[in-house]
Visitor: 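Please read through the structure below; I'll follow up with questions.
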Amino acid sequence: MTTPESAVEHPDRNLALELVRATEAAAIRAHPFIGKGHKNEADKAAVDAMRAFLGTVNFEGLVVIGEGEKDNAPMLFNGELVGTGTGPKCDIAVDPIDGTSLTAAGRQNAISVIAVADRGTMLDASSIFYMNKLVTGPEGVGVCDIRKPVGENIRALAKAKNKQVSEIVVAVLDRPRHEVLIREIREAGAGTRLLLDGDVAASIHASSRESRIDMCLGVGGSPEGVVTACAVSALGGLIQGILVPRDEQEKQKGIASGLKMDYVYEATELVRSDNTFFIATGVTDGQLLEGVRRKGPMIRTESMIIRGRSGTIRRIIAEHRASRWS
């Protein structure tokens, strides 16, 4: 028997406040590994902590984007159910550390992330690892398009933001595959912010009105694209994505799972609901969030919750007794 829509529980603001405990836990457990060069150990500690806390939350979360797809982890894999099983049924995307390499090297901008939406509304793009993405703030909506040349998008965004092209800053992952893209950005007259890792944080910066980053471009993880859409849409920004199969076998696997090739996925297709939450806690210091700090007997964390339905951004500073985490 089909459950009437009016009887279905949906994610609410209280759930987000519960889930932030899971990103805090992942960040705190990753903290001892910052700068130690052991990214797998850091990731495992974060995964274990996040999963343990998710198990205490009153909801039924279906992992649509999980840790296992990327890192062959035995937990938080695609299709796993997390939570107590009571309460709202949700799609959930997790990345216990977005930026494991950043964490291991002691570099900035590593964060712990959870995104939540109504059940059945997140695009499962796990069969195609990479996605070409374009992200801007609200000024880019109806102005920029991933199908247009890079220079044209930069000039159009500069005009919409009442800036000189030379003032535009574009964030790009520093990868050999982006050599041509980086050259095109600079030839257009804009500057680049080259990222070692962590394009989720960069994309949120690009969609924020107060950020120095104006646009985020290039090929990154497709799961990160879906996670980012939960935040960017809530902020009124623009996100578009085109799946990029690594080979013919992966392409056919994607087609078999219902994904569209050579197709521009808009924000409303990446996540087909405005009832979303994006939750993140800083692992290492960054422009988006301050990293975990040990201050005497206390551990300090900074987190953010972005709610899609209201567009509200909440920042949470928490102090945890270090003795409880020893």
Side-chain angles (χ1 to χ4, degrees), residues 109 123 125 128 130-196 198-222 224-244 260-272 274 276 278 286-288 306 308 311 313:
N109 295 318
L123 178 71
I128 304 292
Y130 287 115
M131 177 183 286
N132 187 22
K133 289 166 276 190
L134 179 152
V135 180
T136 74
E139 298 88 349
V141 177
V143 171
C144 297
D145 193 295
I146 198 170
R147 289 161 286 213
K148 294 179 180 178
V150 171
E152 185 177 337
N153 278 326
I154 289 172
R155 289 187 290 272
L157 184 62
K159 182 178 179 181
K161 298 187 77 167
N162 196 28
K163 284 186 171 185
Q164 297 295 319
V165 169
S166 61
E167 296 178 291
I168 295 294
V169 176
V170 183
V172 184
L173 285 171
D174 191 5
R175 302 287 189 271
R177 63 178 178 265
H178 289 148
E179 182 179 344
V180 173
L181 173 61
I182 292 167
R183 184 171 66 247
E184 290 176 342
I185 293 167
R186 292 171 176 170
E187 287 177 350
T192 55
R193 177 73 58 82
L194 299 183
L195 311 171
L196 294 173
D199 61 339
V200 173
S203 293
I204 295 170
H205 272 300
S207 57
S208 173
R209 295 183 185 275
E210 299 179 359
S211 173
R212 183 67 185 89
I213 295 174
D214 300 285
M215 181 184 293
C216 193
L217 287 175
V219 177
S222 57
E224 285 83 353
V226 178
V227 171
T228 302
C230 289
V232 173
S233 296
L235 296 171
L238 169 70
I239 179 168
Q240 295 176 315
I242 300 173
L243 295 169
V244 182
K260 302 175 184 177
M261 304 298 118
D262 303 314
Y263 177 82
V264 177
Y265 281 93
E266 304 287 348
T268 53
E269 296 169 293
L270 294 171
V271 183
R272 301 185 309 277
D274 68 347
T276 61
F278 173 90
Q287 293 179 328
L288 186 66
I306 304 175
I313 304 173

Visitor: Would you please name every residue forming a side chain to side chain contact (heavy atoms under 4.5 Å, CB included) with Val143, sequence neighbours left out?
Guide: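 Partners of Val143 by the side chain to side chain contact (heavy atoms under 4.5 Å, CB included) criterion, ordered by chain and then number, come out as Ala156, Ala160.
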Visitor: Tell me, with the steps shown, if Leu217 and Glu184 meet side-chain contact (heavy atoms from CB on, under 4.5 Å).
Guide: CA-CA 11 Å; Leu217 287 175; Glu184 290 176 342; over 6 Å; no
Visitor: Count the heavy atoms belonging to other residues, nucleotides or ligands that lie under 6.0 Å from NZ of Lys148, then report whether that count exceeds 12.
Guide: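 Yes.
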Visitor: Is there a side-chain contact between Arg212 and Arg193, using heavy atoms and a 4.5 Å cut-off?
Guide: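 A side-chain contact exists here, since the closest heavy-atom pair is under 4.5 Å.
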Visitor: Atom OG in Ser207, atom CD1 in Ile213: separation rounded to 0.5 Å?
Guide: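 It comes to 10.0 Å.
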Visitor: Gln287 and Asn109: which non-hydrogen atoms are nearest, and at how many Å?
Guide: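 Of all heavy-atom pairs spanning Gln287 and Asn109, the closest is N-OD1, 3.4 Å.
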Visitor: Check Leu173 against Gly198 and note the closest heavy-atom contact, atom names and distance.
Guide: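 Distance-wise, the nearest heavy atoms are CD2-N, 4.4 Å.
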Visitor: Taking only residues at least two apart or on different chains, which pairs with a member in residues 160-175 satisfy salt bridge (Lys or Arg N to Asp or Glu O under 4.0 Å)?
Guide: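 Residue pairs with at least one partner in residues 160-175: Lys161-Asp214, Lys163-Asp214.
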Visitor: So Asp262 and Ile242, do their side chains get closer than 4.5 Å, heavy atoms only?
Guide: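 SC-SC contact between Ile242 and Asp262 ruled out.
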Visitor: For Ser233 and Ala267, which heavy atoms make the closest approach, and how far apart are they?
Guide: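 In this case the closest contact between Ser233 and Ala267 is OG-CB, 3.3 Å.
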Visitor: Please report the interatomic distance CG(Leu243) to CG(Leu123), rounded to the nearest 0.5 Å.
Guide: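 Interatomic distance, Leu243 CG to Leu123 CG, rounded to 0.5 Å: 7.0 Å.
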Visitor: Quick one: closest heavy-atom pair of Val271 and Ala229, and the distance?
Guide: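 The pair with the smallest heavy-atom distance is CG2-CB, 4.1 Å.
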Visitor: Is atom CD of Glu266 surrounded by more than 12 heavy atoms (other residues, nucleotides or ligands) closer than 6.0 Å?
Guide: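 Enclosed: over 12 neighbouring heavy atoms sit under 6.0 Å from CD of Glu266.
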Visitor: Measuring from Leu238:CG to Ile146:CD1, what's the distance to the nearest 0.5 Å?
Guide: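 That separation rounds to 9.0 Å.
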Visitor: What closest approach, in Å, do Ile204 and Leu288 show between heavy atoms, and which atom pair accounts for it?
Guide: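 Scanning both residues, the minimum pair turns out to be CG2-CD1, 3.8 Å.
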Visitor: What are the two closest non-hydrogen atoms of Thr192 and Arg186, and how far apart are they?
Guide: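 That closest heavy-atom pairing would be OG1-NH2, 2.9 Å.
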Visitor: Is there a side-chain contact between Cys144 and Leu134 (heavy atoms, below 4.5 Å)?
Guide: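 A side-chain contact exists here, since the closest heavy-atom pair is under 4.5 Å.
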Visitor: With heavy-atom distances below 4.5 Å as the criterion, would you say the side chains of Asp199 and Val135 are in contact?
Guide: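 No - every pair of side-chain heavy atoms lies 4.5 Å or more apart.
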Visitor: Which value, rounded to the nearest 0.5 Å, describes the distance between Leu157 atom CG and Met215 atom CE?
Guide: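 If we round to the nearest 0.5 Å, Leu157:CG and Met215:CE are 4.5 Å apart.
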Visitor: For a 4.5 angstrom cut-off between non-hydrogen side-chain atoms, does Phe278 reach Leu235?
Guide: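 A side-chain contact under 4.5 Å is absent here.
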Visitor: Below 4.5 Å, heavy atoms only, C-beta onward: do Lys133 and Thr228 meet side chain to side chain?
Guide: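 No. Closest side-chain heavy atoms not under 4.5 Å.
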Visitor: Can you check whether Leu270 reaches Met131 side chain to side chain, under 4.5 Å on heavy atoms?
Guide: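 Contact flag for Leu270/Met131 side chains = yes.
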